Amino acid sequence: MVNGMRIGQGFDAHSFETGSRLVLGGVEIPHNQGLKAHSDGDVLIHALCDALLGAAGLGDIGQHFPDSDSAYADIDSRVLLRRVVELLFSTGWQLVNTDLTAVAQRPKLAPHIGAMRQHLAEDLRVTPGRVNIKATTTEGMGFTGRGEGIAAFAIVLLEEYQVE
Ligand code: MG
């Protein structure tokens, strides 16, 4: 029997601000600016959560974790990701794979990709081989190119979880 499959996509962008930490893919990256957000501003995890929720037909991250709720102030986005994964399991879905792209002119993200994959795979309960993360610049063009912020794209494939 072929399991049911669903695809989902997510996008997010946050602007830089001075005086906050830069956290991407669950990894703190040394930089002179962090991302402005109600949570820790982990734009990569936010795009991933939206893709997961989208594939499962469960809306978006803002509906589940509203930024008007003080419970989510400065929250570690990995906590949100784990809650989304719980929700997927409880509704019968598991991850096949995800492919993520972070768009940033700076800082250089390549040295941190391995650690991001490890963290996200752990939270998604899959092997790191199912979690691909890419980083690109926009060659100086647009808001990311001007160094105003970081954007992220996510695509996921889910399959129906078969209870024996
Ligand atoms: Mg966000």
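Model, not experiment: these values are computed from the prediction. One-based numbering, in listed order, for ligands and for the atoms of each.
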(request) Can you see which heavy atom on Val85 is nearest to which on Asp123, and at what distance? (result) CG2-O, 3.6 Å

(message) For Arg106, give me all partners under salt bridge (charged side-chain N to carboxylate O under 4.0 Å, His left out), at least two apart in sequence or on another chain.
(response) none

For a quick test of your reading: what N or O donor-acceptor pairs under 3.5 Å do the side chains of residues 52-60 make, sequence neighbours left out?
residue	atom	partner	partner atom	Å
Asp60	OD1	Gly62	N	3.0
Asp60	OD1	Gln63	N	3.0

(message) Ignoring hydrogens, what is the shortest heavy-atom contact between Asp76 and Arg78? Give both atom names and the distance.
(response) OD1-N, 2.8 Å

(request) Can you establish whether the number of heavy atoms outside Gln9 located under 6.0 Å from its atom CD is more than 12? (result) no

(request) Starting from Met141, walk the hydrophobic network (Ile, Leu, Val, Met, Phe, Trp, Tyr; side-chain heavy atoms closer than 4.5 Å) and list everyone else you reach, by chain and number. (result) none

(message) I'd like to verify the contacts: list protein N, O or S atoms under a distance of 2.8 Å from the Mg ion (ligand 1).
(response) Asp12 OD2, His14 NE2, His46 ND1

